[in-house]
Amino acid sequence: MATDVAVLQHGSIAEKEVNPAGLNHGCCGKGPGYATPLEAMSGPRESLIYVTCVYSGTGRDKPDYLATVDVDPSSQTYLKIIHRLPVPYIGDELHHSGWNACSSCHEDTSATRRFLVLPSLVSGRIYAIDTQKNPRAPTLHKVVQPEDIIQKTGLAFPHTAHCLASGDIMISCLGDKDGKAEGNGFLLLDSEFNVKGRWEKPGHSPLFGYDFWYQPRHKTMISTSWGAPAAFTQGFNLQHVSDGLYGRHLHVYNWPDGELKQTLDLGNTGLIPLEIRFLHDPSKDTGFVGCALTSNMVRFFKTADGSWSHEVAISVQPLKVKNWILPEMPGLITDFLISLDDRYLYLVNWLHGDIRQYNIEDPKNPVLTGQVYVGGQIQKGSSVMAEADDGTTFQFDVPEIKGNRLRGGPQMIQLSLDGKRLYATNSLFSSWDRQFYPELMEKGSHILQIDVDTEKGGLAVNPNFFVDFGSEPDGPSLAHEMRYPGGDCTSDIWI
C-alpha cells in the first residue's frame with residue numbers, strides 16, 4: 001500500500017506520521033477526504049470499522065469502549081474485534097462519533113483526519129481518540145471534561161459532532177446539566193479540543209436538540225429535535241410526548257452566522273425528528289429527516305422565496321399488534337442515510353425490524369426498491385403478533401446468521417463508499433434497549449452486513465457476516481455508531 005507522509009502540528013510539537021492511503025487523504029496531495037461525493041465513491045474499500053460500545057446502563061460496572069473491527073475479507077482477523085479502547089470513566093454512554101476534519105476541509109492541506117470525536121451522551125464528556133498512530137489500535141488523546149463545558153457554555157448531553165472547514169468542531173448538546181431541553185444548543189471546540197463557546201447567537205437556541213447538517217452553498221444549517229434529556233434518559237414514556245417533553249420541529253439557521261431564521265413545525269406527522277441529511281451534492285437544496293415516533297421520512301426543501309418548507313415523502317404504517325405495550329406499533333425510524341451519489345436512501349425500523357432501500361433520484365417520489373427483516377419485535381418466535389385487517393395474525397421471517405438468532409432491531413447503519421455494503425448494529429440507547437429489547441442486556445449487540453444491488457435496487461442479508469458483542473471480555477456490550485478511518489456518507493459534508 002502506498003504511503004503519504006504528513007507533518008502535523010500537535011500543540012507546539014511537530015510530529016511526522018506515516019498514513020496508509022485512504023485513512024486521512026482522498027487523493028492528489030489535498031487535505032482529508034475527497035473533492036466531491038462522487039469521487040469518494042471510488043475511494044478504498046473499508047477494512048476497519050470503529051464502533052462505540054456501551055456498558056453504561058447495562059448493570060456492568062465497566063467503562064464504555066471503542067471497538068476496532070476487521071472487515072477486510074482477505075485478513076486473517078476478518079470479523080474479529082481486534083482492539084478495544086476503554087475510556088477512563090464509568091457511566092459515559094458513548095453514542096455518536098465524528099471527526100476533527102473531513103471532506104469539508106479537503107482544500108486545506110494542513111488538515112488531517114486524525115482524531116475521532118466521541119461525545120458521551122449521559123456524562124457530557126467528550127473524548128478525542130487518535131486513530132492515526134496505529135489505525136488498528138487507536139489511543140486516547142484528550143478528554144474534554146463536562147465541568148469545563150458547563151462552566152463556559154451551560155451545555156450538557158452532547159450528541160452529534162461535525163467538523164467545520166474552519167478547523168473547529170461543532171457538537172449539538174441536548175440540554176443543560178439538569179436535563180432541561182431549554183438549555184440545549186451547539187458547542188464549539190477548537191482544533192486542540194479547547195472549549196470556545198456556543199455556536200449559535202444568544203437567544204437563538206433551538207427548542208430541542210439532536211442532529212444537524214449544514215449546506216454552505218445555501219448558507220443554511222438545519223437541526224432536529226429528540227427531547228428533554230430528563231425524559232429520554234429514563235426510557236420512553238408516551239405521556240412525555242403529550243407533556244411536551246419531545247420535539248417535532250426543524251430549526252433552520254443561517255450558516256455560518258448562527259442566527260435562527262425559521263422554525264418548521266412538523267406537526268403530528270413529524271413527532272421526534274431524529275437523523276437529518278441534506279443530499280450530498282452541495283448544490284442541492286433538499287434533504288430528509290427521519291421522524292421516529294410517527295415513522296415518516298419528511299423531505300425539506302427551499303422554496304422560491306428562499307424560505308424552507310417540508311412534506312412527508314415516505315410513510316411507514318404502524319402495525320396492529322397483540323401482546324405488546326400498545327395496540328399499534330410504529331416502525332420507529334431511528335436512523336437513515338443517503339448513498340454518496342444521492343440515488344438511494346436507506347432507513348431502519350427499529351421496532352418492526354426491517355431495513356429498507358428507496359430510490360430517491362426523484363426526491364419528491366421515493367420508490368421502495370429493497371427490504372430485509374433482520375430482527376424486531378415481531379419476528380417468528382416472539383410473543384408479539386401482528387394482526388392483519390381480516391383478523392389473522394402473522395410474524396416476520398428473520399434469518400439466523402451463522403447459527404445466531406438475531407437480537408434487537410436494526411438501529412445504526414453505515415454504507416460502504418461504493419454503496420454496495422450496508423452495515424447495521426442494533427442498540428439505540430441503553431435505557432431504551434432495556435425497555436424494548438431486554439435480551440440485549442444479557443446477550444449484547446451484533447453487526448450485520450447487507451449486500452446492496454446498486455444497479456436495479458435490492459437488499460440481501462450476507463449469511464456469512466456476523467460480528468458478535470455477546471462474548472466480550474467484560475461481558476455483553478451494546479454496539480452503536482460505526483465509522484471508517486477514512487470517513488463515510490454520514491460523517492463527511494462537502495462545501
Side-chain angles (χ1 to χ4, degrees), residues 49-71 78-84 86 90-95 121-122 235-236 323-325 329 332 334-335 348-355 372-385 395-414 423-450 461-482:
I49 296 179
Y50 300 133
V51 191
T52 50
C53 296
V54 173
Y55 283 124
S56 304
T58 66
R60 294 178 181 84
D61 197 29
K62 297 290 183 179
D64 301 342
Y65 62 101
L66 183 71
T68 306
V69 180
D70 186 337
V71 293
Y78 180 52
L79 301 184
K80 303 292 186 186
I81 301 165
I82 59 173
H83 185 261
R84 300 167 185 87
I90 290 174
D92 281 317
E93 186 104 23
L94 296 181
H95 197 63
L121 185 52
V122 171
F236 181 68
N323 307 322
W324 199 59
I325 56 175
M329 181 188 293
L332 211 73
T334 51
D335 194 22
V348 302
N349 289 302
W350 190 56
L351 294 179
H352 287 181
D354 57 317
I355 300 175
V372 289
Y373 282 86
V374 288
Q377 296 276 349
I378 315 173
Q379 62 175 300
K380 286 187 176 173
S382 163
S383 62
V384 181
M385 307 287 289
Q395 292 179 312
F396 298 116
D397 283 312
V398 174
E400 286 194 349
I401 307 296
K402 300 179 79 170
N404 296 280
R405 184 178 187 272
L406 299 188
R407 311 183 284 268
Q411 213 288 299
M412 296 305 294
I413 49 177
Q414 192 53 264
Y423 298 89
T425 57
N426 56 355
S427 166
L428 188 144
F429 180 66
S430 63
S431 59
W432 293 39
D433 292 348
R434 179 181 294 278
Q435 181 178 359
F436 292 101
Y437 291 111
E439 65 178 344
L440 291 178
M441 300 293 153
E442 305 163 19
K443 299 180 180 179
S445 286
H446 48 58
I447 304 177
L448 307 176
Q449 186 188 78
I450 314 299
V461 181
N462 183 339
N464 300 310
F465 189 104
F466 190 82
V467 179
D468 193 355
F469 292 85
S471 53
E472 287 291 82
D474 286 330
S477 67
L478 305 173
H480 194 65
E481 183 151 69
M482 298 167 281

**Request:** Classify the ring geometry between Phe465 and Tyr78 as parallel (under 30°), tilted (30 to 60°) or perpendicular (over 60°).
**Result:** perpendicular
**Item:** Inter-residue atom distance Lys402.NZ - His446.NE2, 0.5 Å rounding
**Value:** 13.5 Å
**Request:** Show your reasoning for whether side chain to side chain donor-acceptor pair (under 3.5 Å) applies to Asp64 and Ser56.
**Result:** CA-CA 7 Å; Asp64 301 342; Ser56 304; 3.1 Å; yes
**Asked** So do Leu351 and Trp324 actually touch side chain to side chain, heavy atoms under 4.5 Å?
**Response** yes
**Message:** Taking Thr58's backbone N and O only, do any of them form a donor-acceptor pair with Ser430's side chain (distance below 3.5 Å, no angle check)?
**Reply:** no
**Prompt:** Could you walk me through whether Val69 and Phe469 pass the side-chain contact (heavy atoms from CB on, under 4.5 Å) check?
**Reply:** CA-CA 11 Å; Val69 180; Phe469 292 85; 4.3 Å; yes
**Audit row: Lys380, Asp397, side-chain contact (heavy atoms from CB on, under 4.5 Å) steps and yes/no** = CA-CA 6 Å; Lys380 286 187 176 173; Asp397 283 312; 2.9 Å; yes
**Atom of Asp474, atom of Arg60 and distance for their closest heavy-atom approach** = O-CD, 3.6 Å
**Prompt:** Which distance, rounded to the nearest 0.5 Å, do you find between the CG of Asp335 and the CH2 of Trp350?
**Reply:** 13.0 Å
**Item:** Derivation and outcome, side-chain contact (heavy atoms from CB on, under 4.5 Å), residues Ile355 and Leu448
**Value:** CA-CA 11 Å; Ile355 300 175; Leu448 307 176; over 6 Å; no
**Request:** Carefully, step by step, assess Asp433 and Met441 under the rule side-chain contact (heavy atoms from CB on, under 4.5 Å).
**Result:** CA-CA 8 Å; Asp433 292 348; Met441 300 293 153; 3.8 Å; yes
**Prompt:** If only atom types and distance count, is the side chain of Gln379 paired as donor or acceptor with the main-chain N or O of Leu406 below 3.5 Å?
**Reply:** yes
**Prompt:** Can you find a side-chain donor-acceptor pair between Ser427 and Gln411 that sits under 3.5 Å?
**Reply:** no
**Prompt:** Under a 4.5 Å cut-off applied to non-hydrogen side-chain atoms, are Ile450 and Val374 in contact?
**Reply:** yes
**Prompt:** When the ring planes of Tyr373 and Phe396 are compared, do they come out parallel, tilted or perpendicular, using 30° and 60° as the limits?
**Reply:** parallel
**Request:** Could you pull out the closest heavy-atom pair between Met482 and Gln414, with the gap in Å?
**Result:** O-NE2, 3.2 Å
**Complete:** Of all heavy-atom pairs linking Pro476 and Glu442, the shortest is CG-O, 3.2 Å
**Asked** Would the number of heavy atoms belonging to other residues, nucleotides or ligands and lying under 6.0 Å from CG of Asp61 be above 12?
**Response** no
**Request:** Look up atom CG in Leu428 and atom OG1 in Thr425, then write down how far apart they are to the nearest 0.5 Å.
**Result:** 9.5 Å
**Asked** Nearest heavy-atom pair of Pro438 and Gln435: which atoms, and what distance?
**Response** CD-O, 4.3 Å
**Asked** Distance from Gln395 atom CD to Gln377 atom CD, nearest 0.5 Å?
**Response** 11.0 Å
**Prompt:** Is the shortest distance from a Lys or Arg side-chain nitrogen in Arg407 or Asp468 to a carboxylate oxygen in the other one below 4.0 Å?
**Reply:** yes
**Item:** Distance in Å, Cys53 SG paired with Ile81 CD1, rounded so as to fall on 0.5 Å steps
**Value:** 6.5 Å
**Prompt:** Can you tell if the side chain of Thr52 reaches within under 4.5 Å of the side chain of Leu66, non-hydrogen atoms only?
**Reply:** yes
**Prompt:** Can you name the nearest heavy-atom pair linking Lys62 to Tyr55, along with the distance?
**Reply:** O-CB, 3.4 Å
**Request:** Output the distance between atom CG (Asn426) and atom NE2 (His480), rounded to the nearest 0.5 Å.
**Result:** 11.0 Å
**Item:** Shortest non-hydrogen separation from Leu79 to Asn464 and the atoms involved
**Value:** CD1-O, 3.5 Å
